[in-house]
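Some notes on the structure that comes next.
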Number of protein chains: 2
Amino acid sequence: MTERPPDPSKPRREQILDSASRLFSERGYHATSMRDLAGELGMQGGSLYAHISGKEELLIEIVNQASRQFDGALFSLRDTPLPADQKLREAMRRHIQVVADNMESATVFFHEWKHLSPGAYARVTGWRDSIDAFYRELMVQGMKEGVFRADLDPKMSAYLVLSAVNWAYTWYRPGGALSSRDVADSFADMLLSGLRNPI
Amino acid sequence: MTERPPDPSKPRREQILDSASRLFSERGYHATSMRDLAGELGMQGGSLYAHISGKEELLIEIVNQASRQFDGALFSLRDTPLPADQKLREAMRRHIQVVADNMESATVFFHEWKHLSPGAYARVTGWRDSIDAFYRELMVQGMKEGVFRADLDPKMSAYLVLSAVNWAYTWYRPGGALSSRDVADSFADMLLSGLRNPI
DNA sequence: CCTACCGATCGGTAGG
DNA sequence: CCTACCGATCGGTAGG
């Protein structure tokens, strides 16, 4: 699809990971051959193995990088003394920013993690659970504070928020009219206040 | 993952499509070999080609079936004389029901449509645009009626609704405690009224 | 629907 | 980082 030469200021290994993110996100992990990847970098297929141990290492690295980005963005918020509605807005801003700034690895993360071998697979499901837990606890906090409706189901409201922030990887276009913050604030406004006219 | 023998009451071709939906959704299109698929049906790899013309035909068929299900569920609502909030709730019920009743083909639809060849690819993007348009028009209708807030952005509110109903393919478990209608009503309640405590 | 096979391509390695 | 190669597997076909 998009031509994009490797960034010459980066170490070879990072160039490989960048190209792999792009190809895996566009074509999928299994539909990308090591020769395709090498071709992007002006190498022969076998030469890649001077820098990496194998194809799956690339997938693991991309998925782990994405996980760490989400972790880093969200978990520092856990103990921040903000009212739950403001904390939710801030979490959504950060979450969508990670997606928007890493569209390719986010796409790989959401689509290809099932192809990981058992160890890496288990780490991803554990990570997913911890993100779920973060949003559920946030909902519970808000209900206790009286900021959120008392009749909410924390599980369902967390799913709703996660749907909004995660699904962005399918439609958001970096460099377009909307910044990731615009998107997050728009979604947060609608989620907090509702679509229905209160009048 | 899950063992599941073919349904002997169905024609062979439908058995093949059922097994393909399951394997493509679990392992991905490119990671599923025709021999894997044949093995599920107790056949040899080459025998599949007595029933189908090729691997891509299976993907096209699965994706088209999913598209038709969404179309059939939603477009009859277009000219139904319901207030926009009720229409939105009903659209979400139907949309999530299609996802819930077709988890496997919905997963294939969302993950593998990029691997279609140009003709089928273009049909899918066209279909996606028409679903987007459906929800945007619904939002505009509701704003005109005064049922929805006047300051909404139809595009963003349509994305928010689509996020909720589509993302369900990643977490919903048919046969669990929640029916697809429970999910849709819970999401519709939260989206219409908001998470924030109005008191 | 099976057997036997086709050319192409896969991920990865040896040796330089 | 290249050349040359490995065994394995791919989607698909011919002939029965």
Does a side-chain N-to-carboxylate-O contact under 4.0 Å join [X] and [Y]?
X: A/Glu61; Y: A/Arg13; answer: yes
X: B/Asp18; Y: B/Arg4; answer: no
X: B/Asp132; Y: B/Arg128; answer: no
X: B/Glu90; Y: B/Arg93; answer: yes

Presence of B/Ser33 side-chain N/O under 4.0 Å of D/dC10 phosphate oxygens OP1/OP2: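 Yes, B/Ser33 has a side-chain N/O under 4.0 Å of OP1/OP2 on D/dC10.
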
Residue-phosphate contact under 4.0 Å: A/His51 side-chain N/O, D/dC1 OP1/OP2: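 Yes, within the criterion.
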
Rounded to whole angstrom units, what separation is found between the [atom1] atom of [X] and the [atom2] atom of [N]?
X: A/Glu57; N: C/dG11; atom1: CD; atom2: C1'; answer: 14 Å
X: B/Ile16; N: D/dG11; atom1: CD1; atom2: P; answer: 14 Å
X: B/His30; N: D/dG11; atom1: NE2; atom2: C1'; answer: 11 Å
X: B/Leu48; N: D/dG11; atom1: CG; atom2: P; answer: 10 Å
X: A/Asp36; N: C/dA8; atom1: CG; atom2: P; answer: 17 Å
X: B/Ile52; N: D/dG11; atom1: CD1; atom2: P; answer: 10 Å
X: B/Tyr29; N: D/dC10; atom1: OH; atom2: C1'; answer: 12 Å

Contiguous pairing runs of three or more, Watson-Crick or G-U under 3.5 Å, that involve DNA chain D: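 When the pairs of DNA chain D are grouped into runs of at least three, the stems are C:1-16 with D:1-16.
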
Straight-line distance of B/Leu77 CG to B/Leu82 CG, nearest 0.5 Å: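 So the gap between those two atoms works out to 7.0 Å.
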
Parallel, tilted or perpendicular: rings of B/Trp167 and A/Tyr169 (30°, 60°):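 A/Tyr169 and B/Trp167: perpendicular rings.
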
Please list each protein N or O that sits under 3.5 Å from an N or O in nucleotides 12-16 of chain D, with the distance.
unit_1: D/dG12; atom_1: OP2; unit_2: B/Tyr49; atom_2: OH; d: 2.7
unit_1: D/dG12; atom_1: OP2; unit_2: B/Lys55; atom_2: N; d: 2.8
unit_1: D/dG12; atom_1: O6; unit_2: B/Arg35; atom_2: NH2; d: 3.2

Ring pair (Phe, Tyr, Trp, His ring centres under 6.0 Å) assessment of A/Tyr29 paired with A/Trp113: CA-CA 10 Å; A/Tyr29 175 67; A/Trp113 67 277; over 10 Å; no

Most 5' of A/Gln44 and B/Ala31 on DNA chain D, judged by nearest nucleotide: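 It is A/Gln44 whose nearest nucleotide is closer to the 5' end.
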
Ring center gap for B/His95 and B/Phe187 short of 6.0 angstrom: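 Centroid distance B/His95-B/Phe187: not below 6.0 Å, so no.
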
Partner set under side-chain hydrogen bond (donor to acceptor under 3.5 Å, both in side chains) for B/Arg149, not counting sequence neighbours: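 Checked B/Arg149 against side-chain hydrogen bond (donor to acceptor under 3.5 Å, both in side chains); zero matches.
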
